[in-house]
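Inspection log for the structure reproduced underneath, given as structure tokens.
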Number of protein chains: 2
Amino acid sequence: MTDAVDPPKARRPNTRLEEVARAAGVSKSTVSRVINGEPYVSSRAREAVHQAIGKLGYSPNQAARTLAGSRANCIALVVSEQGARVLADPFFAGVLRGVHAELAGKRVQLVLMMSKEGDEQDLVNYLCGGHVDGVLVISLHGQDPLPRTLADAGLPTVVGGRPLGAGGVPYVDSDNFNGAMEAARYLVSRGRKRIATIAGPRDMAVGMDRLSGWKRGLSQARLDTDLVAYGDFTPESGAAAMADLLKRAPDLDAVFVGADIMALGALQTLHAHGKKVPDDVAVVGFDDLMIASTAVPPLTTIRQDVEQLGRTMTWRLMAELAGEENLPPFLLLPTAMVTRSSA
Amino acid sequence: MTDAVDPPKARRPNTRLEEVARAAGVSKSTVSRVINGEPYVSSRAREAVHQAIGKLGYSPNQAARTLAGSRANCIALVVSEQGARVLADPFFAGVLRGVHAELAGKRVQLVLMMSKEGDEQDLVNYLCGGHVDGVLVISLHGQDPLPRTLADAGLPTVVGGRPLGAGGVPYVDSDNFNGAMEAARYLVSRGRKRIATIAGPRDMAVGMDRLSGWKRGLSQARLDTDLVAYGDFTPESGAAAMADLLKRAPDLDAVFVGADIMALGALQTLHAHGKKVPDDVAVVGFDDLMIASTAVPPLTTIRQDVEQLGRTMTWRLMAELAGEENLPPFLLLPTAMVTRSSA
DNA sequence: CCAAAACCTGGGAGCGCTCCCAGAACGTTC
DNA sequence: GAACGTTCTGGGAGCGCTCCCAGGTTTTGG
């Protein structure tokens, strides 16, 4: 004795491909072909399907596509949380904007993941679990093995910022070396003789590359490269490093700070020590954050295009996913000097 | 005449639930129950499954879960791109961090979407297409109908920042009104008499709420509330607004700027006009960005906890998804005055 | 001591799509 | 006009999971 018709199963939230097929008077297969832009579909059928899709407001179910097909139509952006904090917000937001801009129009979703302490294995499991087609990694600290692990697992991976411990994994970075060298040369050209630097942390390539560039710029001019202090990409660390430098060399007349955010702190310290910028001490930063132009005095700096970095990483990854061959193993984006009044 | 066995179908990237079941000596159903933390599983079976999962490095296929089950285990964070630019990076990055922190441990993915001009329909289709369980929306401008549309479609939605055109959609916001009022009262208590304000854009609630709070604070002290200028959350607009105010009231002795980022510009203008801060003109900002403390002079400001905003939005959404009843329709987060030297 | 309730377990039908295969409707060529 | 492409089309078998159902095993209670 069965009851009458059963309404409980009334869960039909969305249009399905089959309904589109019926509305267009074709088969599921044909609709699928149209959606995926495959050839071998008559223009008549194609037209009918497009009409039906429009009328029904159909949006294909990603989960089903992923399950049935082989790709997830989805890439991950992985940020080491610690790194996100250290490298400061604007960097991250800029990259994100670039990634998104490059993804526009492509039917690819972006999922965001932050690696947490102790969570690494879960992260790797998830990423390698076929849930994403590729991975973008940024804010690497030290010898983080993540990119290597992912690449070894056969997952297309692109790193933002030269990774220290992941030889062979493709990366995109700003040309920190040449940017820093340009800054150093500029200071030399303005007649500065005793030029210091505040570098980023020793376990990040971005810090080391800018330091190397500064060294090269100075040594080409036969100047000493002994005035090096280190910070961690915070204003406070910049202030402390500046104080240290001033103590070691009260006669310094210029400083290249490897990040605008630290330059802000350095500027405060100089001010507190009664040093006029740029008359007594010239200051050049790096990054060209929005705040560089509103610093007092407005900061001369090396601009890096962070949004472009995000775009380029994404382009590189998508190209690899599209099966392109002979892609460059790494890409360096040019920097540009922005002259304001601090140097 | 068929060929011998066919190896072409050799795509077996990951462990499947069934293999775990076999390894643990139980059925698929039981493994599924363990994974989903359901009751009615013997501890012996549970143990065996956990062991098998650990040994095989199994990670469930999200696509399949989504397809078979009813939820996507995934929420979207939608940012209006224009808004992201205007409200400036730190806001966005902070919210994101909060969202992520709150999601930690929950098996929920975050997909990021930026609404682009003309893309709205696609966005709505996608979001309502069952690909996500809920939506977080931030950076709303004007009367954006998006939250209303989503909510009407039955999709759980939480807005960050009071939405102007979406009555009834739950939201979380900093208590801009009271924060601004506190700023105004503080200036009054310091003996300032001619107090101006630089407000945010008229089509954003955050701008209007801070303006209202400032007005209330002044009118309670029976002071004039006529010195209002508007900016758009950029340093340049802050500088221009300050210049305008100075022209209209050369005797003004205090200004409440509705965003630190604009305060930076205002500070520049005041400096250029030879006004000493805080002696001639006291300045109070809003937000307490990292740069507030490195401004010259360091900025007195109203702190809002942006990360907490992200956390709270996420908590509210997850609570709704968990079926909790009688949730508050909106939540206001307290602000705090941070006294530095600009006022 | 036996019925009812509370626990556990496995089987199997889909979820909505893609992709393979077989075949129809056309030419085109010898 | 038979034999062959080439273009188009539909049918249907899964993808890996969840969830319902049916049944088995224990515990409880009168």
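Letters A, B, ... mirror the listed sequences (proteins, then strands); counts begin at 1.
Counting only residues at least two apart or on different chains, the salt bridge (charged side-chain N to carboxylate O under 4.0 Å, His left out) pairs with a member in residues 162-173 of chain B are B:R162-B:D209. Listed by first and then second residue, the salt bridge (charged side-chain N to carboxylate O under 4.0 Å, His left out) pairs involving residues 130-154 of chain B are B:R148-B:D152 (not counting sequence neighbours). Annotation: salt bridge (charged side-chain N to carboxylate O under 4.0 Å, His left out) contacts involving residues 34-53 of chain A, sequence neighbours excluded, are absent.
For B:E320, the side chain to side chain donor-acceptor pair (under 3.5 Å) partners are B:R316, not counting sequence neighbours. With sequence neighbours excluded, the residues forming a salt bridge (charged side-chain N to carboxylate O under 4.0 Å, His left out) with B:R311 are B:E102, listed by chain and number. Under the side chain to side chain donor-acceptor pair (under 3.5 Å) criterion, A:T30 pairs with A:S27, sequence neighbours left out. Applying the side chain to side chain contact (heavy atoms under 4.5 Å, CB included) test to A:N73 and every residue at least two apart in sequence or in another chain returns A:Q62, A:R71. Taking B:R33 as the reference, nothing meets the salt bridge (charged side-chain N to carboxylate O under 4.0 Å, His left out) condition, with sequence neighbours excluded.
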Identify each atom pair where a protein N or O and an N or O of nucleotides 26-28 of chain D are less than 3.5 Å apart, giving names and distance.
none

Table of protein N/O atoms under 3.5 Å from nucleotides 8-10 of chain D N/O atoms:
residue: D:dT9; atom: OP1; partner: A:S42; partner atom: OG; Å: 2.7
residue: D:dT9; atom: OP2; partner: A:S42; partner atom: N; Å: 3.0
residue: D:dG10; atom: OP2; partner: A:S27; partner atom: N; Å: 2.7
residue: D:dG10; atom: OP2; partner: A:S27; partner atom: OG; Å: 2.9
residue: D:dG10; atom: OP2; partner: A:T30; partner atom: OG1; Å: 2.8
residue: D:dG10; atom: O5'; partner: A:S27; partner atom: OG; Å: 3.4
residue: D:dG10; atom: O6; partner: A:R33; partner atom: NH2; Å: 2.7

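When all heavy atoms of A:K28 and A:A21 are compared, the closest pair comes out as N-CB, 3.7 Å. Smallest separation of non-hydrogen atoms from B:L112 and A:Q109: O-OE1, 4.5 Å. When all heavy atoms of B:A23 and B:A52 are compared, the pair lying nearest together is CB-CB, 4.0 Å.
Atom NE2 of A:H131 is separated from atom P of D:dC15 by 17 Å (rounded to the nearest Å). Distance, B:R16 CZ to D:dT18 C1': 17 Å, rounded to whole Å. Atom CG in B:N36 sits about 18 Å away from atom P in D:dG16, given to the nearest Å. Between the P atom of C:dC19 and the CD atom of A:E38 lies a distance of 7 Å, rounded to the nearest Å.
Of the candidate nucleotides D:dC17, D:dC19, D:dG16, D:dC17 has the atom nearest to the side chain of B:L17.
Comparing the start and finish of the helix from C:dC1-D:dG30 to C:dC30-D:dG1, five pairs each, the helix axis swings through 40°, to the nearest 10 degrees.
A side-chain N or O of A:Q308 and one of A:T312 form a donor-acceptor pair less than 3.5 Å apart.
Side-chain N/O atoms of B:R71 include one lying less than 4.0 angstrom from OP1 or OP2 on D:dC19.
For B:K106, the NZ atom is densely surrounded, since the number of other residues' heavy atoms within 6.0 Å is greater than 12.
Less than 4.0 Å separates DNA chain C from at least one heavy atom of each of the following residues of residues 48-66 of chain A: A:Y58, A:P60, A:N61, A:A64, A:R65.
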